[in-house]
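Quick notes on the structure that follows.
In what follows, chains are A, B, ... by sequence order, proteins preceding strands, each numbered from 1.
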Amino acid sequence: MPGKPLIMTFPVTATSHTLADYRARGGYATLARVVAGMPQEEIVKTVTTAGLLGHGGAAFSAGRKWSVINLRDGQPHFLCANADEGEPGTFKDRWILEHAPHLLIESMLIVSYALEVRHAFVYIRGEFDLPYRRLAGAIDEAYDAGLLGEGVLGTGFALDLVAYRGAGSYVCGEASGLLSSLEGKRGYPRNRPPRLTVQGLYKRPTVVNNVETLANVTGIVANGADWYRSFGTAKCPGTQLVSISGHIAKPGVYEVEYGYPLAKFLYEDCGGMVGGRKLKALIPGGISTKVLTGAECESVTYDHQSLGAAGSSCGSGGMVAIAEGTCMVRLLQVLLRFYHHESCGQCTPCRDGTGWMHRIIDRIVAGNGRLDDLDRLLEISRRNDGTTICGMGDAAGYATVGILAKFRDEFEYWIEHGRSRCDGALEIAAHA
Amino acid sequence: MKHLIPEFEKLKQRFPAGFESSLVLPCVRRIQEDRGFVADSDIDGLVEYLGVPRIQIEEVLSYYTQFRRKPIGRWHLQTCRNLSCSMCGAERLMAHLKARLGIAPGETTADGRFTFSTVECLGSCGTAPVVMVNDTYHESMSIEKLDALIAKLD
Ligand SMILES: Cc1cc2nc3c(=O)[nH]c(=O)nc-3n(C[C@H](O)[C@H](O)[C@H](O)COP(=O)(O)O)c2cc1C
Ligand code: SF4
Ligand code: FES
């Protein structure tokens with residue numbers, strides 16, 4: 001493993017996801033300490049001091065988000081785990097849902113206790129069948145064991161937890177779109193302010209956190225902020241579940257301790273590129289994060305500061321490794337088709353902009369591109385940035401700007417010659 | 001959908017009071033599992049049972065890609081065509097499916113056996129390419145594995 005793990009700490013077996021196994025690993029002992037009377041403010045303070053950042057993509061401080069909730073406002077508060085996992089390249093929350101569902105449930109119980117939450121939800125993408133059954137099975141086990149429902153562990157604390165299934169929509173991963181969907185409507189994102197912690201689900205104060213963010217809470221509350229800060233770097237404590245795919249020899253989910261050298265991760269832990277090829281480019285954290293060239297990856301360590309200085313970010317941890325020989329024009333075509341397909345259509349710059357970008361890239365690939373098409377792509381990206389309700393409008397632009405900045409010559413070649421400089425291939429070698 | 005109401009009542013108990021609107025998605029999903037698609041009479045039934053506006057259910061049905069208003073083939077083959085799957089052979093798989101089944105994405109074979117669709121990232125990129133058959137993911141697919149699978153689907 002690339003560094004010390006916090007979440008992937010046990011061997012996966014046929015029963016490791018069950019309540020009995022989780023208990024044997026010390027599970028629900030922290031919850032017992034919490035509901036025995038740990039002060040609510042102390043939990044929020046510990047998590048804030050620990051420096052836990054959101055793992056859904058934006059890396060916002062979990063403790064700071066929670067501190068907006070006013071415990072004594074007399075309103076119902078809601079907690080939602082974001083298990084939509086829709087960012088292409090990302091498949092790490094699935095690991096938690098399938099192998100450690102009770103870690104998520106225990107963490108949600110602790111957060112709900114700390115924030116006066118009576119009803120909590122896990123919003124899980126509709127296609128996830130096994131992860132849903134694992135989670136729903138774990139929730140049933142927890143109810144039967146008196147860990148959910150009225151009188152958790154015989155105390156006055158109560159929590160109901162529902163696993164709520166989406167039905168195929170990328171924008172439902174965006175926190176406010178998720179809440180619209182959870183209200184049984186179209187998954188339309190909402191304008192902010194008001195923040196969701198002020199007016200969220202059914203206009204009540206609501207915390208939405210990524211599954212992995214929440215999964216870290218039990219360990220932090222059990223062992224304290226200093227313990228958590230002993231993982232990772234001084235500025236970037238902790239670990240991130242990295243799901244790596246593409247032209248990599250050993251794809252999968254790895255827990256990477258922040259500060260770990262990126263090249264070492266790619267070449268030693270993940271076995272390098274398929275067929276021994278060179279790394280051409282790396283999408284570090286889901287397709288909405290800016291691409292790095294192979295050379296740029298050499299000197300980077302895996303943490304927010306180092307990736308930020310290199311002009312990208314950890315994002316959702318969804319890494320896509322792209323080997324030498326891959327056509328970046330075709331690659332951008334796949335991404336732009338996706339954004340166009342998934343735009344919810346509420347905002348003109350996103351709805352029309354992604355459609356326009358998609359038409360331009362299709363035209364280039366068909367051999368009918370014009371040189372000013374590239375500037376038009378950049379111009380649309382620029383106009384989308386910050387002018388839309390949710391981050392999807394920006395994301396389509398970031399992906400485009402990132403690829404054009406580094407691989408513009410490939411686009412110019414296709415426009416001039418009407419064909420790819422590298423066979424138009426995306427596939428490098430059949431999967432082993 | 002009337003025969004599903006006892007199930008819906010159980011579902012309701014896990015939600016807080018006043019969350020009837022939230023039941024639209026789970027109820028629609030259950031109806032579709034039961035009938036294979038959502039019929040006009042199901043919408044009528046849900047409007048009456050949940051007390052939500054008809055337009056809300058219509059909007060939900062047209063928004064989410066997993067919901068459908070018409071029956072499809074017995075086996076729904078959905079090929080992921082997003083980045084990691086395309087980088088690991090999804091484009092060849094799709095061309096093969098098209099030739100083998102003789103239909104384009106979105107179509108159903110004349111015998112009603114197969115419907116073929118494309119989907120965006122299924123959150124399973126490490127085992128690309130992925131083909132979803134009804135509810136089940138089939139991972140690290142190849143043309144040979146796909147042919148063997150199709151032969152088993154009646
Ligand atoms: C278009 C879009 C899609 C998103 N999809 C996801 C997702 O699938 N899972 C997720 O956890 N966050 C997703 N996010 C981020 C959420 O809006 C939100 O920031 C996150 O769930 C908050 O959790 P965190 O603070 O624990 O990271 C998405 C954001 C956007 C703009
Ligand atoms: S930015 Fe795009 S996806 Fe987001 S709300 Fe606007 S139209 Fe919908
Ligand atoms: S790209 Fe196919 S599952 Fe993610």
Side-chain angles (χ1 to χ4, degrees), chain A residues 76 78 85-91 93-94 118-119 125-131 160-162 164-170 172 181-188 202 243-247 251-253 283 287 318 320 322-323 326 330-331 334-335 337-338 341-342 344 426-428 430-432, chain B residues 11 13-29 32 50 52 56-57 59-67 78 80-93 118-130 132 134-137 139-143:
Chain A
F78 299 118
E85 189 127 279
E87 178 69 13
T90 317
F91 48 99
D93 294 331
R94 181 178 163 195
R118 176 67 183 77
H119 291 276
R125 62 177 299 170
E127 296 87 350
F128 270 179
D129 187 51
L130 176 63
D160 279 302
L161 180 60
V162 172
Y164 193 91
R165 305 184 76 176
S169 164
Y170 168 63
C172 288
S181 182
L182 188 44
E183 290 178 4
K185 302 180 192 145
R186 285 187 169 186
Y188 284 149
Y202 291 104
S243 40
I244 182 164
S245 65
H247 301 142
V253 182
I283 296 175
I287 61 163
V320 184
I322 301 158
T326 311
R330 290 288 329 286
L331 191 143
V334 171
L335 305 192
R337 182 190 63 208
F338 167 76
H341 182 261
E342 295 297 333
C344 84
L426 286 176
E427 185 182 3
I428 289 299
H431 217 277
Chain B
L11 190 70
Q13 283 162 16
R14 291 238 171 136
F15 286 84
F19 267 56
E20 285 71 23
S21 171
S22 294
L23 293 171
V24 169
L25 262 70
C27 289
V28 166
R29 175 178 284 274
Q32 184 169 294
L50 292 176
V52 299
Q56 181 183 342
I57 299 172
E59 281 187 349
V60 159
L61 287 168
S62 61
Y63 181 81
Y64 295 95
T65 55
Q66 287 198 303
F67 294 148
Q78 296 183 271
C80 171
R81 59 170 182 174
N82 210 287
L83 187 54
S84 303
C85 285
S86 295
M87 288 169 68
C88 295
E91 296 182 338
R92 273 190 306 119
L93 282 187
T118 57
V119 277
E120 296 301 344
C121 181
L122 288 168
S124 190
C125 330
T127 46
V130 185
M132 198 173 162
N134 293 356
D135 286 336
T136 309
Y137 283 16
E139 303 171 40
S140 307
M141 288 306 274
S142 61
I143 288 181

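With respect to chain A, the highest number of heavy-atom pairs below 4.5 Å among Ser86(B), Ser84(B), Pro16(B), Gly89(B) belongs to Pro16(B). Counting heavy-atom pairs closer than 4.5 Å to chain B, the top-ranked of the candidates Glu183(A), Glu87(A), Arg118(A) is Glu183(A). Between chain B and the options Pro131(A), Gly252(A), Gly187(A), Pro76(A), the largest number of non-hydrogen pairs under 4.5 Å is found for Gly187(A). Of the listed residues (Lys185(A), Arg337(A), Arg330(A)), the one with the most heavy-atom contacts under 4.5 Å to chain B is Arg337(A). Interface summary for chain B: among Ile283(A), Val334(A), Thr326(A), the most heavy-atom pairs under 4.5 angstrom belong to Val334(A). Annotation: maximal heavy-atom pairing with chain B below 4.5 Å, among Glu342(A), His119(A), Glu85(A), occurs at His119(A). When the candidates Gly86(A), Gly166(A), Ala323(A) are compared by the number of heavy-atom contacts under 4.5 Å with chain B, Gly166(A) comes out ahead. Highest contact tally toward chain A, considering only Val24(B), Val60(B), Leu122(B), Asp135(B), is held by Leu122(B) [criterion: heavy-atom pairs under 4.5 Å].
Nearest heavy atom pair, residue Arg29(B) against residue Ala167(A), reads NH2-CA, 4.2 Å. Across all their heavy atoms, Gly246(A) and Cys88(B) have their closest contact at O-SG, 3.7 Å. Closest heavy-atom contact between Leu426(A) and Glu91(B): CD1-OE2, 3.8 Å. The shortest non-hydrogen separation linking Val162(A) to Phe15(B) is CG1-CZ, 3.7 Å.
For chain B, the nearby parts of Ile322(A) are the backbone and the side chain; heavy atoms of each come within less than 4.5 Å. Neither the backbone nor the side chain of Ser142(B) comes within less than 4.5 Å of any heavy atom of chain A. Leu335(A) touches chain B through its side chain: at least one heavy atom from C-beta onward sits under 4.5 Å away, while N, CA, C and O do not. Heavy atoms of Thr90(A) lying under 4.5 Å from chain B belong exclusively to its backbone. The part of Ile287(A) that comes within reach of chain B is its side chain, from C-beta onward, which places non-hydrogen atoms under 4.5 angstrom from that chain. Contact of Arg94(A) with chain B is made through the side chain alone, with heavy-atom distances under 4.5 Å.
The pair Glu427(A)-Arg92(B) meets the salt-bridge criterion, with a side-chain N (NZ, NE, NH1 or NH2) lying under 4.0 Å from an Asp/Glu carboxylate O.
A donor-acceptor contact under 3.5 angstrom links the side chains of Ser22(B) and Tyr202(A), judged on distance only.
Taking OG from Ser124(B) and CZ from Phe128(A), the interatomic distance works out to 7.5 Å, rounded to the nearest 0.5 Å.
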Assess whether side chain to side chain contact (heavy atoms under 4.5 Å, CB included) is satisfied between Tyr64(B) and Ser169(A), documenting all intermediate values.
CA-CA 6 Å; Tyr64(B) 295 95; Ser169(A) 164; 4.0 Å; yes
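Aromatic pair Phe78(A)/Phe19(B): centroids less than 6.0 angstrom apart.
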